[in-house]
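Scroll down for the structure; my scribbles are underneath it.
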Amino acid sequence: MQYMLLIYLDEQVAAARSPSEVAAAVALHDPYIARLRANRRYAGSGVLRPTAHARTLRGGDGEPVATQGPFAESREQLGGFYVIEADDLDVAIEVAAECPALQTVAIAIEIRPVAHGALGDGGELVLARGTVPDAPGWLVLAEPGSATTLRLRDGKVELADGPFRDEPEPIAAARVVERWHGDATTTLEIRPLR
Amino acid sequence: VSALAALYRAEHGRVLAALLARVRDFPAAEEAVHDAFVAAAEQWRDRSIPPNPRAWLVRVATNKLIDRQRRRAKFPEVEMDETVPAPEDDRDVGDDRLRLIFTCCHPALAPEAQVALTLRTVAGLTTDEIAALFLAEPAAMAQRLVRTQKKIRDARIPYSVPAPDKLAERLTAVLAVVYLVFTEGYANLRDELCDEAIRLGRLVCELLPVEPEARALLALIQLQHARRAARVVDGELVLLADQDRTRWDASHLADGLAALDAALAAGAHGPYALQAAIAGLHAQPPPTDWSQIVELYDLLLAAQPSPLVELNRAIALALARGPELGLAALDRLRFALPEDHLYHAARADLLARLGRRDAAARAYRAALARATQPAERRFLERRLAALD
């Protein structure tokens, strides 16, 4: 079974880091990914560019409306993700707890079970919000109620029941494409990858 | 209540546990167990209950589960493990029930969800009964239970006893659920919740006989519960020192002291063991050994720092070494517990003992402004009136 690890960070804190700090933090992920691969737990990952580069398409009855910027105005934003293979939630929690992001810039890691599908490959992460698009090619997530959120408090990993935050239109599905040209039958948030 | 209701209470958790050993779908298993009990109610109305009702219920529930899956054949989401035999006796089911407890008390579930699901599936209470226990709307409680069961399925929370290196940590969560049920009952003077907690505590001890901390928790809640009839008399709270000891429940007291001895002999030294040891000292005939109680509170503070423990230590200190020292210890809590009626009530009592009547009256009024429990309010009102 697969789980998607959604890494949330404070964009202002992340942006305040020097280039060498960023490089050092990113470099921590190489051995982590190597270990995941060796244990056959790795199914994908990505680092997102800041939400200044994001765009949002709001679908609906009429023409979709495209706007610059993220889906939600907030300092706390999705900064990266992993898709992992794990037998059950205990294994997924163990894998997430070892994620280097938790020791550096992450505020929290949300573990969302994957219902079905695969993520794809390319330069942009597309997040379907609210409802799952009625089309193939998406990694469909189990509903937010099945999420578990990890935080580091005083050096100890703490678990919370539920998603990182309650949103009227939570992430329902995700896919990675080279560049998104499709329309939006549902709200889509498009986040370029590094 | 009918024999069937009693059977439901006793067997629901066992049947569900047996079913979950074969199928990893919590909502589907729960539904099938429900169907089996409905079938039992119909079939057994005219005839007597079969000699092994549990085997009957497991068999029928398993068939119901397979039936439903066949009807939903388009969605083969449930994988049955046909190799698991039907349980015949308690020993087989014991392991299943233990797995069930650890699933219900998984740390990825919110504490209130753990409590509700444990009472529903392990203790066999109906949703309405749980809602009544926690003064919640039945519909809201049903929703919480459904959501929790769906999370167990969708997130694949394992249905297993944790590995030895994780057992202590996970057992802590199980014991916390038992203690939460108890304290909810103890604080609100609701005996039925305390009884459920003791039932659960006994079950955990029965399933994990070598765990000293589980035994210590059982000792603690039995010793506290033993005093229930003396704790509230004519709707008014009675302090431990003023309680009529002949009203203590001798059998709970004996059970609690025996469990405490067993836990301490097995090496229990955690927060429950320390609290149980304190309760054990209180259960001894007077005079109470307050110095030793203060020492135990010191150990408890080191293990589990909390302003409420400090409050209790200050009260014990006052009785061991005089009200001035107790009051000084209490004053250190004025920023930690400014809104807690127990803090003001304890201060009021020590001020009264020191003859500072005006200050004591102010403190009693501060406590009354914050206390909500009627029995506690009557106690505080009488104390305040007695100052004049």
Side-chain angles (χ1 to χ4, degrees), chain A residues 1-6 41 43 82-99 102 108-117 132 139-166 170-173, chain B residues 20 23-27 74-79 81 99 102-118 140 142-174 176-177 180 304-305:
Chain A
M1 152 150 197
Q2 289 191 335
Y3 296 84
M4 189 167 190
L5 310 184
L6 301 166
R41 300 227 172 277
Y82 278 89
V83 179
I84 59 157
E85 292 280 352
D87 304 333
D88 58 38
L89 185 63
D90 280 354
V91 177
I93 289 169
E94 255 174 60
V95 170
E98 287 169 7
C99 179
L102 213 51
I109 297 180
E110 178 182 324
I111 304 176
R112 282 281 289 279
V114 172
H116 55 83
V132 177
L139 182 81
V140 177
L141 303 181
E143 57 186 82
S146 62
T148 303
T149 301
L150 266 76
R151 284 182 179 80
L152 206 61
R153 197 154 287 159
D154 303 326
K156 265 196 72 181
V157 173
E158 279 187 2
L159 301 182
D161 191 356
F164 171 65
R165 65 177 160 223
D166 283 316
I171 299 171
Chain B
L20 282 167
V23 64
R24 292 192 86 164
D25 185 331
F26 215 111
K74 278 202 292 186
F75 309 99
E77 58 195 33
V78 173
E79 301 153 28
D81 185 351
R99 279 192 277 273
F102 278 108
T103 306
C104 292
C105 300
H106 195 278
L109 301 173
E112 59 272 21
Q114 294 178 25
V115 168
L117 193 64
T118 303
Q143 212 175 3
R144 172 181 295 172
L145 284 163
V146 167
R147 196 223 135 227
T148 307
Q149 293 176 351
K150 275 175 75 181
K151 171 159 182 180
I152 291 173
R153 179 188 64 193
D154 294 346
R156 207 183 272 197
I157 289 181
Y159 178 63
S160 61
V161 176
D165 62 318
K166 294 269 162 59
L167 187 68
E169 188 188 336
R170 293 285 308 279
L171 181 63
T172 304
V174 172
V177 164
L180 205 70
Q304 196 182 57

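The sequence lines fix the lettering, A, B, ..., with proteins before strands; numbering per chain opens at 1.
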Determine which donor-acceptor pairs between chain B and chain A fall under 3.5 Å and list them with their distances.
residue   : atom : partner   : partner atom : Å
His106(B) : NE2  : Asp90(A)  : OD1          : 2.6
Ala110(B) : N    : Asp161(A) : OD2          : 2.7
Arg147(B) : NH1  : Asp161(A) : OD2          : 3.2
Arg147(B) : NH2  : Gly145(A) : O            : 2.5
Arg147(B) : NH2  : Asp161(A) : OD1          : 2.8
Lys150(B) : NZ   : Glu143(A) : OE1          : 3.2
Lys151(B) : NZ   : Ala147(A) : O            : 2.6
Lys151(B) : NZ   : Thr148(A) : OG1          : 2.7
Lys151(B) : NZ   : Asp161(A) : OD1          : 3.0
Ala155(B) : O    : Tyr3(A)   : OH           : 2.7
Arg156(B) : O    : Leu89(A)  : N            : 2.9
Arg156(B) : NH1  : Asp87(A)  : O            : 3.3
Lys166(B) : NZ   : Glu94(A)  : OE2          : 3.2

Heavy-atom proximity to chain B below 4.5 Å, by part of Ile93(A):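 Only the side chain of Ile93(A) comes within 4.5 Å of chain B.
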Which portion of Ala92(A) sits near chain B, non-hydrogen atoms under 4.5 angstrom: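 Neither the backbone nor the side chain of Ala92(A) comes within 4.5 Å of chain B.
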Largest heavy-atom contact set with chain A, pairs under 4.5 Å, which of Ala110(B), Pro107(B), Pro158(B), Pro162(B):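 Option with the greatest count: Pro158(B).
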